[in-house]
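Nothing fancy with the numbering, it's 1 onward along the sequence. These figures come from a predicted structure and were not determined experimentally. When a ligand or atom number is given, it counts from 1 through the structure's own listing order.
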Amino acid sequence: MSTTELAATAAAMVAPGTGILAADESTGTMEKRLVAQGLPATEEMRRQYRSLIVSTPRLGEWISGVILYDETIRQVNDEGTPLRTIAAAAGMLPGIKVDKGAKPLAGSPEEKITEGLDGLRERLAEYVSLGAKFAKWRAVLTIGEQIPSATAVHTNAHALARYAALAQEAGVVPIVEPEVLMDGAHSLERAEEVTTEVLAAVFAELRAQRVALEGIVLKPNMVVAGTDCPAQPSVAEAAEATVRTLRRTVPAAVPGIAFLSGGQSDATATAHLDAINRLGPLPWRATFSFGRALLAPALRAWAGAQENVPAAQQALAHRAELNGAASSGAYDATRE
Ligand code: 13P
């Protein structure tokens, strides 16, 4: 596939007023989310939950693409229609998480390296046959006393670029996700320093491995202080730090930046996205690729009961609409 075609898909993924829904929790993560709601962590519960999400009325107005998990791209609704087909019919591009999770990094076991490169070319080919238009690979970096180490930064950047090159070869747009976690007591300044270092390493590797920047979507963390940091910055301060970091590291050839929410509350993530866009014009579209910040209210409202499906869908549509507005700097906080 040509760079032009990849660029067209990437542009559609970050089209004005829209963002991406990350519904690609691995089975283990999805089990944790269900158990936290007191629900049985079965394949059937996961199917029902994913089914209600992708069938949410009007979702395609604000959601350009849905990231699915290997299990979910194969699942069907009660009528036997594949969930990927329901998403596509609603105007949401189906995407697929292709990494195999973050594992302890040899030599620095409190850090992580994301696995999943072996056999990736063949897995991508199958996902293309199932209709996937884009993919996702998440690298995880932790901030601590002596970390992230240069080893963690560079091995993860290298793997992200190897994945991105294979995805583009297969004709799917890679979402490149280097997540600097907000766990810890670090300051906003430290988060900015580490995120800058990580993004610089990622773009150096993407260039070295000849990934076409016009055909990727970057999925970074917002630059925020650690959850346990006593001095929490304002929304405006976090937005300024985020935009400064991205301007310094992300080439203008990249069509879009779609942030992860990373454990921020749903309203905070939306407020940050809005404040980031109000600092524009920016060289790239800045939008969302939220998981928890879009889905947590829906999961709570559903509580595993069929009669709650409309309320759960309403909760998801509401967050999607607010985030769609925030992606253009037009969020109205009074609608929370
Ligand atoms: P959160 O928005 O919940 O961080 O999830 C986004 C995601 O896809 C993480 O890989």
Side-chain angles (χ1 to χ4, degrees), residues 13-14 19-34 36-37 49-50 53 62-73 92-103 112-116 132 134-142 156 159-160 163-164 167 173-184 191 195 198 202 216-224 226-227 238 242 256-273 276 286-300 315-316 319-320 322-324 326-327:
M13 290 163 65
V14 296
I20 298 163
L21 170 62
D24 62 322
E25 301 90 346
S26 64
T27 300
T29 303
M30 196 61 240
E31 282 176 358
K32 266 192 257 162
R33 303 252 195 280
L34 290 168
Q37 295 298 316
Y49 172 62
R50 261 64 183 267
I53 286 167
W62 314 288
I63 300 295
S64 58
V66 186
I67 318 176
L68 302 169
Y69 181 58
D70 183 74
E71 174 180 86
T72 321
I73 203 169
M92 302 182 285
L93 298 170
I96 181 76
K97 169 193 177 77
V98 298
D99 68 69
K100 294 209 160 179
K103 307 289 161 61
K112 299 274 173 64
I113 178 72
T114 302
E115 296 189 345
F134 66 93
K136 177 188 119 172
W137 178 289
R138 172 174 179 252
V140 187
L141 285 307
T142 306
N156 275 293
L160 272 168
Y163 138 78
V173 168
I175 293 184
V176 175
E177 179 178 5
E179 174 173 6
V180 178
L181 295 176
M182 49 191 281
D183 301 351
T195 305
V198 166
V202 167
I216 73 163
V217 170
L218 179 70
K219 176 164 174 167
N221 50 286
M222 296 177 185
V223 177
V224 295
T227 325
T242 302
I257 294 175
F259 294 99
L260 59 94
S261 60
Q264 302 178 63
S265 78
D266 42 17
T268 305
T270 309
H272 278 150
L273 178 61
I276 286 165
T287 187
F288 59 94
S289 175
F290 295 161
R292 284 163 284 180
L294 278 167
L295 292 171
L299 182 57
R300 272 195 303 272
L316 171 57
R319 289 254 57 90
L322 294 183
N323 283 307
S327 81

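- Checked against side chain to side chain contact (heavy atoms under 4.5 Å, CB included), Glu115 has the following partners two or more places apart in sequence or in another chain: Lys103.
- When each atom of ligand 1 is checked for a heavy atom of Ser289 under 4.0 Å away, the hits are 6 (C).
- Between Leu260 and ligand 1, a contact under 3.5 Å exists for no N or O pair.
- Looking at heavy atoms from C-beta onward, Phe259 lies in side-chain contact with Pro220 at the 4.5 angstrom threshold.
- Nearest protein neighbour of atom 2 (O) of ligand 1, counting heavy atoms only, is Ser261 OG, 2.5 Å.
- Here the protein heavy atom with the shortest distance to atom 4 (O) of ligand 1 is Gly262 N, 2.7 Å.
- Taking only nitrogen or oxygen atoms, main chain and side chain alike, Lys219 reaches within less than 3.5 Å of ligand 1.
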List the atom pairs, donor and acceptor, that lie under 3.5 Å between side-chain atoms in residues 177-184 and the rest of the protein, sequence neighbours left out.
{"residue": "Glu177", "atom": "OE1", "partner": "Lys136", "partner atom": "NZ", "Å": "3.4"}
{"residue": "Glu179", "atom": "OE1", "partner": "Arg138", "partner atom": "NE", "Å": "2.7"}
{"residue": "Glu179", "atom": "OE1", "partner": "Arg138", "partner atom": "NH2", "Å": "2.8"}

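- Using a 4.0 Å cut-off between heavy atoms, Arg138 contacts ligand 1 through its side chain alone, with no backbone atom that close.
- Each of Ile96, Ile175, Leu21 was scored for a side-chain contact (heavy atoms from CB on, under 4.5 Å) with Ile67, with one residue passing: Ile175.
- In this structure, the protein non-hydrogen atom closest to atom 5 (O) of ligand 1 is Gly291 N, 3.6 Å.
- Nearest protein heavy-atom neighbour of atom 10 (O) of ligand 1: Lys136 NZ, 2.5 Å.
- Closest of all the heavy-atom pairs between Leu294 and Asn323 is CD2-ND2, 3.6 Å.
- Considering only non-hydrogen protein atoms, atom 9 (C) of ligand 1 sits nearest to Glu177 OE2, 3.2 Å.
- Atoms of ligand 1 found under 4.0 Å from any heavy atom of Phe290 (numbered from 1 in listed order, with element): 2 (O).
- Among all heavy-atom pairs drawn from Val14 and Thr287, the shortest one is CG1-CG2, 4.0 Å.
- Note on Arg292 versus Glu25: no salt bridge recorded, every NZ/NE/NH1/NH2 to OD/OE distance being 4.0 Å or above.
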